[in-house]
Amino acid sequence: MSKSETIYKRNAGWVNQSDASYQAGFNSKLFGWLYTPDSAISQSTGFILCAPVGHEYIHTHRAYRHFAEMLAMHGFPCLRFDYSGVGDSAECAEEDIFSQWVEDINQQANWLKNTIGVTHIVFLGLGFAANMVSMAAEIHGENCSIILWEPYETARSFKRRLGALAGVSEFKQETEAGYIESAGYAYSEQSLIGLEKFDLSARNLSNIKTCVVVEAQDNREKNSRWLGKLGLEDKAKRIYRPDFTKMLDEPHKTSIPFDVFGEIIALFKAEASVQAADLPSLPKLEPTLHATHYIESIYRSDDRLFGVLTTPTNGDTLKPLIILTNAGSAHHVGPSEIYVKLARYLAEHGWCTLRYDLGNLGDSCTGCPENENFPYAESSLNELEEVIQHFSEDFPSCILAGLCSGAYISFREGLKDNSNVSRVVLVNPLTFEWVDGMSLDVPSPKMQSKEASYYSAALKDKSRWGRLLTGQVSYKSIAVFAVKYTYQKISHVLHDFCLAIGLAKPNKLQAELLYYGSNNTALRFVFSDSDPGFKMLTDDAGSIAAQMIAQKKIKIHFVENADHTFSYKKMQSNFCTKFLAALID
C-alpha cells in the first residue's frame with residue numbers, strides 16, 4: 001500500500017465539501033461535482049478533471065471520484081463533470097462534438113477562477129481527453145498546467161483504437177447509418193471529420209506552467225517524440241504508470257492508482273501557494289436541469305445516496321415512479337449510459353424515473369474504498385426500501401427495475417410485503433439467488449447457457465460435423481458439457497414430475513414466483529434474445545414458470561439481436577420500446 005493510499009484510507013471518515021449541480025460553470029446544461037476544501041488549507045491552484053471518452057468514462061468514474069476527494073483533502077478546489085451529451089448532462093448537437101467538449105473544459109476553468117478565486121488551473125485528461133485538454137490549455141493561455149495521461153499522439157491513432165475495439169466485440173450488429181460504433185458508444189461520422197486538429201504535435205504549449213505526462217513504459221519513446229516537437233521534452237515531468245489498464249477495467253474490477261494520484265498532488269502542492277483563510281462565498285448551485293422533453297433534478301438522501309430524478313416537462317406524477325438500481329458496478333448512468341437514455345425516453349411518454357447509486361457504488365460512496373464497488377451488497381435492499389419510502393408521498397406507487405444485478409435487487413425487494421411496489425421489471429438477470437463466491441464476470445448458469453446455445457447451433461452446422469468426425473474438436477469438452485447439461489435437464493424434469501404428483505414442493509425460485517402471483521405485484525421480464533436469462537428462468541422454475549407465463553401472470557418481452565447491455569444504438573432504441581411495453585401491458 002502506497003503512502004498516499006494509507007493517508008487517504010486513514011482519513012476515510014473525512015467528508016469533503018462536495019456538491020452536484022447543473023450550474024457550477026456548467027451553463028445550466030452540464031452536470032458536475034464541485035469539491036471545495038477546508039478554507040484553512042485552500043490552495044491557489046484548482047483542478048479540472050476531464051473524463052476520458054466512450055466506455056472509459058464509465059470505467060474510470062470511481063478513480064476520478066477518489067482523486068477529486070484526495071485533491072480536496074489536500075486543499076485543492078476541484079471540478080469533475082460530464083461533457084455536453086455525456087452522462088447526466090443535456091444532449092447536444094453531434095457535429096464537431098469534440099470541439100464542443102474543449103469549449104466545455106475551458107468554461108469550467110473560467111468559472112473555477114472567477115468563483116472560487118484560484119489563480120492557477122490544472123487540466124487533467126486521460127486518453128483522448130488528454131488531447132482535448134492540450135487544446136483547452138492552448139486556448140486558455142498563461143498560468144495553467146496540464147496532466148496528459150496516456151494521450152494519443154495523433155487523432156488517427158485514436159480512430160484506429162475505436163476500430164480495434166469494435167473489431168473485438170463478441171456481438172456483431174449492423175451499425176446505424178452515419179455512425180461508427182465502438183465499445184458501447186456511437187460516434188457520428190460527421191463528428192470524426194477534422195479530428196487532425198487534435199494531434200499533439202500541432203499544439204503551441206509554450207505558455208503553460210507545468211506539463212506532466214503519465215505514461216506506460218511502451219509509450220515513452222512515442223511521447224518523447226511529440227514532446228520534442230513541442231520543445232517540452234526537457235521541461236515535462238513524467239510519471240511512469242506500469243498497470244494503466246487496471247484503472248480502465250470493467251467497473252467491478254477497477255483499481256485506483258493512489259500512488260500516481262499521490263505523486264501528482266505532491267508535485268503541485270510544492271508549487272502552489274496557500275490562499276487566505278476565507279474563500280469567496282459560493283453561488284447557489286442549481287439542482288435542476290430543464291431540457292426540451294424532460295426535467296432532471298438531483299436526489300440526495302442525507303448526503304449518503306445520490307440519484308437523478310427525470311420527470312416529464314409537464315411535471316406529471318400521476319403514474320408510478322420507476323426506480324432503476326445500478327447495473328453491476330457501473331454508476332447511475334448505466335452501461336453505455338443506457339439508464340440515461342431510458343429515463344429520458346420514458347419522460348417523453350409521461351413517466352418519471354429515478355436512477356440512483358447504491359451506498360457502495362458510484363456517487364453514493366462514502367468512507368473507505370475497501371468497502372465499496374460490490375453490486376450485490378447486503379445493504380442494497382435496505383437502501384432501495386429507503387428510496388421507495390422517500391418518494392411514497394409523491395407518487396401513487398413504485399415500479400422497481402434494473403439490468404443485471406439491478407434486476408436481482410429489484411426481484412428480491414419485490415418479495416417484501418410493500419404496498420408501495422406495484423410492478424417489477426427485470427432486465428437480463430443473471431441470477432435469482434446470490435451466493436458468496438459467485439463470479440461477478442460470468443456466473444456459471446450463464447456460461448452453461450452459452451455452451452448450450454453454442455452446441456445447439458453446432459448441431460445444425462454441417463461443417464462442424466465434419467470437424468467432429470475428423471477429430472478436429474475436443475471430445476473431452478463435449479463430453480463434460482453433455483454430462484453436466486444432461487444432469488441438469490434430468491434434475492429439472494424429475495422435480496417437475498414429482499411436483500405434479502405431490503411428492504415435491506416448489507423449489508426456491510418457483511416459490512418466489514408463486515408469491516409474486518399471489519400478492520398481485522406484476523412481474524415483467526425484458527430479455528435480450530442472445531442472453532441466458534430466459535433459459536435460466538424456464539429451466540430453474542420449470543413448470544411453474546411455464547404455467548404463470550401461460551396465465552399471463554408473468555409476461556416476457558424480447559429485444560431481438562441484442563447483447564447483455566444493449567451496446568448498439570439500434571439495440572438501445574429497441575430496448576426502450578420493449579421496456580415501455582413492459583410498463584403498460
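Quick note: residue numbers are just sequence positions, from 1.
- When each of Trp33, Phe31, Phe81 is tested with Tyr22 by the rule ring-ring contact (aromatic ring centres under 6.0 Å, His included), just one qualifies, namely Phe31.
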Apply the test ring-ring contact (aromatic ring centres under 6.0 Å, His included) to residues His59 and Tyr64: give CA-CA distance (whole Å), side-chain angles for both, the deciding distance (0.1 Å), then the verdict.
CA-CA 10 Å; His59 292 204; Tyr64 266 59; over 10 Å; no

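- With Glu138 as the fixed residue, the side chain to side chain contact (heavy atoms under 4.5 Å, CB included) test singles out one of Val102, Asn207, Leu205: Leu205.
- Within the cation-pi definition used here (under 6.0 Å to the ring centroid, within 45° of the axis), Lys569 qualifies as a partner of Tyr179.
- Qualifying salt bridge (charged side-chain N to carboxylate O under 4.0 Å, His left out) partners for Glu378, counting only residues two or more places apart in sequence or in other chains: none.
- Note on ring orientation: taking the six-membered ring where Trp is involved, the planes of Phe67 and Phe261 are parallel (angle under 30°, cut-offs 30° and 60°).
- Every side chain to side chain donor-acceptor pair (under 3.5 Å) that Thr210 has, sequence neighbours left out, goes to Glu271.
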Could you walk me through whether Phe198 and Phe128 pass the ring-ring contact (aromatic ring centres under 6.0 Å, His included) check?
CA-CA 9 Å; Phe198 288 91; Phe128 197 70; 5.5 Å; yes

Could you walk me through whether Leu30 and Asp104 satisfy the side chain to side chain contact (heavy atoms under 4.5 Å, CB included) test, starting with their C-alpha distance in whole Å, then the side-chain angles of each, then the deciding distance to 0.1 Å, before giving a yes or no?
CA-CA 8 Å; Leu30 300 191; Asp104 292 343; 3.5 Å; yes

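- Ring geometry for Tyr152 versus Phe158: interplanar angle over 60°, hence perpendicular rather than tilted (30 to 60°).
- Between Tyr299 and Tyr356, the distance from one ring center to the other does not fall under 6.0 angstrom.
- Asp199 and Thr154 form no side-chain donor-acceptor contact under 3.5 Å, judged by distance and modelled atom types alone.
- Checked against the 6.0 Å centroid threshold, Tyr57 and Tyr185 do not count as a close aromatic pair.
- With hydrogens and angles disregarded, a donor-acceptor distance shorter than 3.5 Å links the side chain of Thr60 to the backbone of Glu56.
- The side chain to side chain donor-acceptor pair (under 3.5 Å) search around His120 returns Thr45, Ser145, not counting sequence neighbours.
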What side-chain donor-acceptor pairs closer than 3.5 Å can you find for residues 226-233, not counting sequence neighbours?
residue : atom : partner : partner atom : Å
Trp226  : NE1  : Asn223  : OD1          : 3.0

Using the rule given for side chain to side chain contact (heavy atoms under 4.5 Å, CB included), can you reason through Ser336 versus Gln572, listing the C-alpha separation, both sets of side-chain angles and the distance that settles it, and then say yes or no?
CA-CA 9 Å; Ser336 306; Gln572 292 165 1; 3.8 Å; yes

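- Considering only residues two or more places apart in sequence or on other chains, Lys253 meets the side chain to side chain donor-acceptor pair (under 3.5 Å) condition with Asp441.
- Checking each of Arg80, Arg300, Arg62 against Asp363 for a salt bridge (Lys or Arg N to Asp or Glu O under 4.0 Å) leaves exactly one that passes, namely Arg80.
- Checked against side chain to side chain donor-acceptor pair (under 3.5 Å), His332 has the following partners two or more places apart in sequence or in another chain: Asp88, Asp357.
- Note: Cys92 SG to Trp101 CH2 = 8.0 Å, rounded to the nearest 0.5 Å.
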